[in-house]
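All residue numbers refer to positions in the sequence shown, counting from 1. Quick note: numbers below take in every heavy atom, side chains included, and nothing from hydrogens, waters or symmetry partners. Quantities reported herein were computed from a predicted structural model and do not represent experimental measurements.
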Amino acid sequence: MKIEDLTAFVAVIRLQSTRLAADELGLTQPAITRRVQNFEESLGIPLLNRQTKPLKPTLMGNRVYQQCRHILREVDALSDLVAADSPPSGLLRLAVPQSLSEGSLLPALKSLSAQFPDIQPRLSSGWGEELLLRIQRQELEAAVVLFPASKQFPEGVENQPLGAVDLVVVGPKTTGTLPQRLEDCYERGWILNPEGCGFRAALQRALTEQGLPLLINLEAFGTTLQLSLIAEGRGLGLMPKPLVERHPLRDELEIYALKDFAPRSQLWLVYPNVPASQVPAIDAFAAAVAEGLDLGIAAQTGLNSKF
């Protein structure tokens with residue numbers, strides 16, 4: 001019974017695919033298949049139901065899977081014990097919210113490369129719930145996400161608050177009177193991210209509570225594209241205030257201070273059980289993202305405070 005065979009088996013069950021397991025472990029599909037077969041032979045029992053797609057474990061296979069996860073965690077802990085003082089190195093899979101990706105990914109990549117040249121960062125973006133699911137599946141070492149301060153995270157997902165982020169309604173520059181309430185501006189329509197965006201969901205709830213419809217003029221990804229369309233007068237937007245304040249188009253935009261709609265989100269660092277040697281790199285990543293939202297000091301109290 002070999003650790004690499006256990007690792008292959010756990011990856012196949014978690015990803016429900018030998019192809020995805022091979023991609024994650026940097027092996028070929030035949031190599032993954034051989035390792036799983038070796039593991040089954042060492043136990044003397046089939047662990048996979050090979051008649052189903054996607055692959056599913058047998059009843060005993062599922063019990064073995066749970067035990068293997070525990071074994072691999074202990075092996076990782078043993079490795080961490082001797083590697084904790086080593087500089088971060090190797091593959092590091094990290095992610096940010098889709099709504100922050102334009103301004104966060106490149107600075108975070110530069111920061112990691114400068115501080116930890118032996119790290120191989122793999123950065124991606126997605127909606128908050130999607131990133132949480134990837135954390136649970138251990139497809140990411142860490143992610144920075146935006147959720148309400150009251151967010152209840154799933155079991156097994158560690159979390160650290162990095163600071164509050166004010167969201168603002170944004171419109172084109174005007175010499176007229178600015179809207180004071182949500183009902184004063186909703187009819188102009190909105191330029192928002194597609195379904196799945198938490199900002200959009202917050203706006204939808206606020207409008208519904210007032211009996212107002214959500215009028216979508218345009219769905220678009222990217223801060224610059226959205227703000228360009230807003231500056232042209234094609235609708236209103238909702239996004240983090242620091243992104244608007246720092247943007248080159250700021251002089252062409254108005255921030256509306258609405259009396260009945262002032263949403264606030266919380267920036268969180270979330271992660272599964274990560275190797276201690278990777279902690280400094282993960283903290284640097286969180287700090288780089290938070291700095292773009294004027295939360296750099298808060299980020300320094302992140303993952304390092306857990307060790």
CD-CD1 distance between Glu24 and Ile32, expressed to the nearest 0.5 angstrom: 9.0 Å
Distance, nearest 0.5 Å, that separates CG of Leu218 from CG of Leu225: 8.5 Å
Gln37/Asp5 under side-chain hydrogen bond (donor to acceptor under 3.5 Å, both in side chains): CA gap, chis, key distance, verdict: CA-CA 8 Å; Gln37 290 173 342; Asp5 295 342; over 6 Å; no
Note, Pro57 side chain near Ile13 side chain (heavy atom, < 4.5 Å): yes
Interatomic distance, Leu59 atom CG to Asn49 atom CG [nearest 0.5 angstrom]: 11.5 Å
Path from Leu27 to Val36 over hydrophobic side-chain contacts below 4.5 Å: yes
Contact check, side chains of Leu238 and Pro263, non-hydrogen atoms, under 4.5 Å: yes
Salt-bridge criterion met for Arg34 and Glu40 (N-O under 4.0 Å): no
Check: Thr224 and His247 side chains under 4.5 Å, non-hydrogen atoms: yes
Smallest separation among heavy atoms of Thr223 and Met239, with atom names: CG2-SD, 4.1 Å
Asp184 side chain to Gln180 backbone, donor-acceptor under 3.5 Å: yes
Verdict with supporting geometry, Leu48 and Thr58, side chain to side chain contact (heavy atoms under 4.5 Å, CB included): CA-CA 5 Å; Leu48 294 176; Thr58 62; 5.8 Å; no
Heavy-atom closest contact (Gln136 atom, Pro154 atom, distance): NE2-CB, 3.3 Å
Residues Tyr271, Glu158; criterion side chain to side chain contact (heavy atoms under 4.5 Å, CB included); working and verdict: CA-CA 5 Å; Tyr271 49 93; Glu158 299 291 336; 3.1 Å; yes
Hydrophobic cluster identity match, Leu162 and Leu94, side-chain contacts under 4.5 Å: yes
Side chain to side chain contact (heavy atoms under 4.5 Å, CB included) assessment of Leu249 paired with Val244: CA-CA 8 Å; Leu249 292 171; Val244 183; over 6 Å; no
Side-chain donor-acceptor contact under 3.5 Å, Asn193 with Gln226: yes
Contact summary for Ile282 and Ala142, nearest pair of heavy atoms: CG2-CB, 3.6 Å
More than 12 heavy atoms from other groups under 6.0 Å of CZ on Arg73: yes
From CG (Leu178) to CD1 (Ile255), nearest 0.5 Å: 10.5 Å
Side chain proximity check, Ile216 to Leu192, heavy atoms < 4.5 angstrom: yes
same_hphob_cluster(Trp268, Leu132) at 4.5 Å side-chain heavy-atom cutoff: yes
Side chain proximity check, Leu131 to Leu133, heavy atoms < 4.5 angstrom: no
Side chains of Pro213 and Leu207 in contact at under 4.5 Å (non-hydrogen atoms): no
Residue from Glu139, Arg134, Arg93 passing side-chain hydrogen bond (donor to acceptor under 3.5 Å, both in side chains) with Ser124: Arg134
Donor-acceptor contact below 3.5 Å, side chain Arg35 vs main chain Ala8: no
Within one Ile-Leu-Val-Met-Phe-Trp-Tyr cluster: Leu227 and Tyr256, side-chain cutoff 4.5 Å: no
NZ/Lys151: more than 12 non-hydrogen atoms of other groups inside 6.0 Å: yes
Separation between CG of Leu253 and CG of Leu236, rounded to the nearest 0.5 Å: 11.0 Å
Where Ala284 and Phe116 come nearest, the two heavy atoms and their spacing: CB-CE1, 3.7 Å
Test item: Phe39 and Leu6 side chains (from C-beta on) under 4.5 Å apart, heavy atoms: yes
Salt bridge flag under 4.0 Å for residues Arg264 and Asp166: yes
Taking every non-hydrogen atom, the tightest pair across Pro179 and Arg188: CG-NH1, 4.5 Å
Any Phe285 side-chain heavy atom under 4.5 Å of Leu112 side chain: yes
CZ/Arg234: more than 12 non-hydrogen atoms of other groups inside 6.0 Å: no
Exam field: side chain Ser111 to backbone Ala108, donor-acceptor pair closer than 3.5 Å: no
For the student: nearest non-hydrogen atoms of Ile135 and Glu141, plus distance: CD1-C, 4.4 Å
Salt bridge flag under 4.0 Å for residues Glu183 and Arg181: no
Single-linkage hydrophobic cluster, 4.5 Å side-chain cutoff, Val12 and Leu72 together: yes
Within 6.0 Å of CZ in Arg246, more than 12 heavy atoms from elsewhere: yes
Backbone N/O of Arg250 and side chain of Glu245: donor-acceptor pair under 3.5 Å: no
Nearest-0.5 Å distance, CZ of residue Phe221 to SG of residue Cys197: 9.0 Å
Donor-acceptor under 3.5 Å (Asn159 side chain, Phe153 main chain): no
Test log, rule side-chain hydrogen bond (donor to acceptor under 3.5 Å, both in side chains), inputs Thr18 and Gln29: CA-CA 6 Å; Thr18 55; Gln29 284 186 251; 3.2 Å; yes
Candidate pair Leu100 and Leu146, rule side chain to side chain contact (heavy atoms under 4.5 Å, CB included), full reasoning: CA-CA 9 Å; Leu100 301 183; Leu146 283 164; 3.8 Å; yes
Arg200 bridged to Glu195 by N-O distance under 4.0 Å: yes
Mutual orientation of the aromatic rings belonging to Tyr65 and Phe9 [parallel < 30°, tilted 30-60°, perpendicular > 60°]: perpendicular
